[in-house]
Structures are given as C-alpha cells and as structure tokens.
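Ligands are counted one by one from 1 in listed order, and the atoms in each one are counted from 1 as well.
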Amino acid sequence: MSAPRSVLIAGESLAGITAARHLRTLGYAGPVTLVGAEEHGAYSRPPLSKVILRDPSADQTLGLVLDGLDADVIRSPAVAADTRQNAVTTADGRQIGYDALIIATGADARRLAAPGQRGELVLRTLDDARLLRARLADAGSAIVVGAGFLGMEVASACAARGIPVTVVDADPPLQRILGDYLSAEITARAARHGTRFVQATGFATLTGDPVNGVALPDGTELTADLVVTCAGEVPCVGWLTGTGLAGRLGVGIDHACTTSVPGVFAAGDITYLRGHGTRPDRRAPFWSNAVAQGRIAAASALGLPPSESAQDDYFWTEVTGVTVKIVGRLPLLGEPTTAQGSVADGRAVLSWSHADGTSTVVAYGLRKPVAALRALAATSLPPSP
Ligand SMILES: Cc1cc2nc3c(=O)[nH]c(=O)nc-3n(C[C@H](O)[C@H](O)[C@H](O)COP(=O)(O)OP(=O)(O)OC[C@H]3O[C@@H](n4cnc5c(N)ncnc54)[C@H](O)[C@@H]3O)c2cc1C
C-alpha cells in the first residue's frame with residue numbers, strides 16, 4: 001500500500017494528536033488536517049479530576065503541544081462523514097476530502113438528568129472542571145453518583161476541601177474493576193477521609209430542578225449543595241450516522257486500529273476492540289490505550305504493521321491522596337501477594353498471579369516507574385506465606 005495523499009484526523013485530543021505526531025515521526029510528509037471541537041485546543045484530561053479541582057494555576061499546564069506537526073487545524077466539529085466520497089463535513093460548512101481518515105472524537109460524559117432537568121454536573125472537559133471547581137468553593141455538602149475511578153477522584157477532591165461527600169453506586173467503590181480486596185481498602189481509606197458510601201439496589205435518579213439530590217430505588221432520598229454524575233462515558237459517534245462505522249459501544253477496531261471501512265482507522269475513547277471467538281467486544285477508555293492506538297492508527301494509515309498492542313494494560317488513578325498504578329489484566333479476583341510494603345501503611349506493591357504465568361501488579365501509594373511494574377507483571381510471584 002502506498003502512503004495516502006492526505007490524512008484527516010477527526011478529534012483534536014490525546015489520540016488524534018498522538019496519531020498526527022506519529023505520522024510525522026514515521027516520515028509522512030503529506031498534508032495532515034486535524035478537526036477539533038473545543039476552543040481550548042488539545043489538552044490532557046487526567047489532571048481535570050486531580051490537580052485542576054484544587055489549583056486554578058494548573059489550568060495553564062494541560063496543553064498538548066502541536067509544535068512542529070505542520071498540521072492544518074480546523075476548530076469546528078465534524079457533523080457528517082461520507083466514506084464513499086472520502087469527505088467529512090464540519091459545522092461551519094466545510095467539506096474536507098481525505099485519502100485516509102483517523103477517527104479520534106473520544107467520548108462525552110454519560111448524563112443521568114431527565115430531559116429538561118437543569119444543573120447536572122459532570123466532569124469530562126476543562127470547562128466542566130472549572131465549573132465544578134467554582135461550585136466546590138462554596139459547597140457545604142456533595143453527592144457523587146458513580147463509584148468508579150472518576151467518581152472516587154471527585155469524592156477525594158470534595159473530602160480534601162473538607163466537604164462532607166456521599167458516593168452512591170450499586171457496587172462498592174471500584175469493585176467491578178479492582179475486585180473486593182482493593183475496593184475494601186480504598187473504601188475504608190476514603191471513609192477515614194470523610195467520604196460516606198451508600199450502596200443503592202439499582203439506578204439512582206437525579207432529583208430537583210436544578211438538580212439538588214438523588215432518589216434511590218428503595219425510596220431513600222439524599223440532597224446536597226452539589227451533585228456530580230460520574231456514570232461513565234458515551235462515545236462521540238453522532239457525526240458518523242449512516243456510515244455503518246459506529247454502534248452503541250463506539251467504533252469497532254482490530255489490533256491494527258482498522259475499522260469496517262477500508263482507509264478509515266480509529267483510536268482512543270471512541271473505540272472498542274472487536275472480540276472474536278469467546279472474547280467479547282471490549283471498551284478500555286484509558287490514557288495509555290489512546291496513546292497506543294493513536295500510534296497504531298497512524299502506522300496503519302501508512303500501510304505499516306502495528307508495532308505494539310492496541311490494548312495497553314497500564315492505568316493509574318489517585319484516591320484520597322494515594323496514587324494507584326496498575327499494570328496487567330483486570331478485574332482483580334481474590335487476595336494479592338504483597339511484594340513490598342503494606343496496604344495498611346498506604347504504601348505497597350501487590351501482585352495477582354494469573355494461570356498463564358503473568359500477573360497484575362499494583363503500586364499502591366508507592367512511586368514506581370511503569371517499566372518496573374511491567375517487568376514484574378511479566379512474571380508470576382509466589383503467593384504470600
Ligand atoms: C476527568 C478525567 C480523568 C481521567 N483520568 C485518567 C487517569 O487517571 N488515568 C487514565 O489512564 N485515564 C484517565 N482518563 C481517561 C483519558 O483522559 C482518556 O482515555 C483520553 O483523554 C482519551 O483520549 P481521546 O483523544 O481518545 O478522547 P478525548 O480526550 O475524549 O478527545 C476527543 C476529542 O474529540 C473532540 N470531538 C468530539 N466530537 C467531535 C466531532 N464531531 N468533531 C471533532 N472533534 C470532536 C472532543 O471535543 C475532544 O476534544 C481521564 C478522563 C477524564 C475525563
């Protein structure tokens with residue numbers, strides 16, 4: 001396959017910028033167009049739920065740099081794609097042709113408000129983070145709906161400001177992903193820092209207009225000055241209607257980030273990795289996947305083979321002042337082996353062994369280079385005595 005005459009990247013964020021940069025790293029000298037939807041340009045999202053909620057001066061440190069990319073940047077969202085004519089239409093009426101298209105429009109926050117119900121707070125963009133930070137400044141109480149990574153980070157930010165916070169979910173904090181052991185540790189630690197957890201028997205409904213509480217299926221009603229929904233994300237696929245590229249889970253890709261349409265590739269939070277055999281379709285909307293897939297999509301657009309996996313297995317989060325770095329397969333079932341330190345002291349390296357001789361390794365409150373954790377995860381530690 002010869003190099004494409006032009007590459008269009010839809011989505012000016014981590015996956016899109018990584019793809020653009022990798023095209024240049026691989027020596028591609030043809031025209032690259034980036035279509036973005038946010039006036040702020042490209043920026044990093046993980047700090048939004050961490051440092052940005054406490055420190056306004058950090059807003060200036062988020063930008064993902066476009067220097068030296070020699071890309072044409074159009075800040076007007078894509079509203080339609082025609083994969084037969086190889087063209088994308090933007091909201092300002094432009095029609096941009098392409099030879100290869102990389103789809104990287106990410107995801108939006110999933111919202112729970114009823115149609116017309118105002119005041120639901122979510123956290124996906126810099127504007128969301130600024131609004132939440134302003135509201136935290138004078139809130140006397142908070143409810144967070146959703147006890148996943150994002151929900152627990154937002155709850156930590158509330159607790160760090162001394163705001164009593166209640167987290168509501170049908171499952172204990174982080175249990176679906178990190179398993180019972182770490183979930184129990186993190187829940188206990190969060191409770192010591194002022195975070196209350198309420199387990200619902202099903203979906204919570206937002207109450208008030210503007211929103212000021214939640215109603216649980218058992219009839220319990222909770223109210224607070226601030227209600228933040230952290231209920232997952234929805235892939236931004238609206239502009240792909242009619243192309244057959246996207247469904248409920250996003251845009252399906254294989255390990256080369258190719259989609260069902262030749263010449264069209266996808267990367268990052270908009271994607272799911274297509275399953276085969278007994279392996280189900282799988283979404284993994286994490287930073288390291290967006291980076292790996294951005295690079296792979298760029299290589300594939302140039303007709304080069306992927307040089308890494310489209311599913312990176314590194315993730316990190318920060319709860320109640322503790323950084324948790326994870327390398328390896330999830331969820332984590334059963335008890336870990338403690339390789340170093342102790343969870344009770346808030347500083348430990350833990351390992352869960354798998355039947356294939358690999359492990360999942362977690363650095364809990366300890367600064368460990370990811371490369372060291374990857375090396376540990378490639379082996380299987382003996383169980384703790
Ligand atoms: C608050 C927060 C904290 C996080 N913390 C962590 C963490 O600690 N660790 C971790 O591993 N991951 C974390 N993540 C996840 C990580 O940030 C994402 O995996 C990553 O941002 C995905 O990059 P992306 O480029 O695929 O998508 P996105 O970052 O969502 O970017 C997609 C871009 O496309 C734009 N767009 C949407 N529709 C269109 C359109 N029609 N036309 C043009 N542009 C469009 C969007 O505006 C956006 O700018 C966090 C995410 C959030 C929101």
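In summary, R274 and D281 do not engage in a salt bridge, as defined by a charged side-chain N under 4.0 Å from a carboxylate O.
Protein heavy atom in closest approach to atom 41 (N) of ligand 1: A78 O, 2.9 Å. Protein heavy atom at the shortest distance from atom 30 (O) of ligand 1 is R124 NH2, 2.7 Å. In this structure, atom 14 (N) of ligand 1 lies nearest to the protein heavy atom P46 CG, 4.1 Å. The protein non-hydrogen atom at the shortest distance from atom 3 (C) of ligand 1 is S49 OG, 3.3 Å. The closest protein non-hydrogen atom to atom 10 (C) of ligand 1 is F315 CE1, 3.4 Å. At the top of the distance list for atom 26 (O) of ligand 1, counting protein heavy atoms only, stands D269 N, 2.8 Å. Closest to atom 27 (O) of ligand 1, if we only count protein heavy atoms, is G106 CA, 3.4 Å. The protein non-hydrogen atom at the shortest distance from atom 36 (N) of ligand 1 is T105 O, 3.7 Å.
Linking Ile, Leu, Val, Met, Phe, Trp and Tyr whenever their side-chain heavy atoms come within less than 4.5 Å puts L121 and V154 in one cluster. Residues V51 and L131 share a single hydrophobic cluster, defined by chaining ILVMFWY side chains whose heavy atoms lie under 4.5 Å apart. Taken together through direct or relayed side-chain contacts under 4.5 Å among Ile, Leu, Val, Met, Phe, Trp and Tyr, L132 and V211 form parts of separate hydrophobic clusters.
Atom numbering of ligand 1 starts at 1 in the shown order; those under 4.0 Å from a heavy atom of G11 are 34 (O), 44 (N). Every atom of ligand 1 with a heavy atom of G268 under 4.0 Å away is listed here by number and element: 26 (O). Atoms of ligand 1 lying under 4.0 Å from at least one heavy atom of S13, given by number and element, are 25 (O), 28 (P), 29 (O), 31 (O), 32 (C), 33 (C), 49 (O). Of all atoms in ligand 1, numbered sequentially from 1 with element shown, those under 4.0 Å from a heavy atom of A290 are 22 (C), 23 (O). Heavy-atom contacts of P285 reach the following atoms of ligand 1: 15 (C), 19 (O) (cutoff under 4.0 Å). Close approach of ligand 1 to V35 is summarised as follows: ligand atoms under 4.0 Å from at least one heavy atom of the residue are 43 (C), 44 (N). Close approach of ligand 1 to W239 is summarised as follows: ligand atoms under 4.0 Å from at least one heavy atom of the residue are 41 (N). Short contacts between ligand 1 and L14, defined as distances under 4.0 Å to a heavy atom of the residue, involve ligand atoms 23 (O), 25 (O).
Only the side chain of L150 comes within 4.0 Å of ligand 1, counting heavy atoms alone; its backbone N, CA, C and O stay farther away. Contact annotation for Y314 and ligand 1: no heavy atom of the residue comes within less than 4.0 Å of the ligand. By the criterion of a heavy-atom distance under 4.0 Å, the backbone of A107, and not its side chain, is placed next to ligand 1. With a 4.0 Å cut-off on non-hydrogen atoms, A109 does not touch ligand 1 at all.
Side chains of V7 and I9 form a contact here, defined as non-hydrogen atoms less than 4.5 Å apart. Residues T205 and L112 are not in side-chain contact: their nearest non-hydrogen atoms beyond the backbone lie 4.5 Å or more apart. The closest side-chain heavy-atom distance from R329 to D356 is below 4.5 Å. Under the 4.5 Å side-chain criterion, counting only non-hydrogen atoms from C-beta, L8 is not in contact with D99. Counting heavy atoms from C-beta on, the side chains of T90 and V79 never come closer than 4.5 Å. Between V322 and V324 there is a side-chain heavy-atom pair separated by less than 4.5 Å.
Side chain of N289 to main chain of G268: no donor-acceptor pair is present (N/O by atom type, distance under 3.5 Å, no hydrogens or angles).
Residue-to-ligand polar distances place A15 within reach of ligand 1: an N/O pair is separated by less than 3.5 Å.
With distances taken over non-hydrogen atoms, the option nearest atom 5 (N) of ligand 1 out of K50, E153, R45, E38 is K50. The option with the heavy atom closest to atom 12 (N) of ligand 1, from among W316, Y43, W287, is W287.
In this structure, F286 has its ring center no closer than 6.0 Å to that of Y314.
The aromatic rings of Y181 and W352 lie perpendicular to each other, with more than 60° between the two planes, well past the 30° mark.
Atom CZ of R248 has 12 or fewer heavy atoms from other residues, nucleotides or ligands within 6.0 Å.
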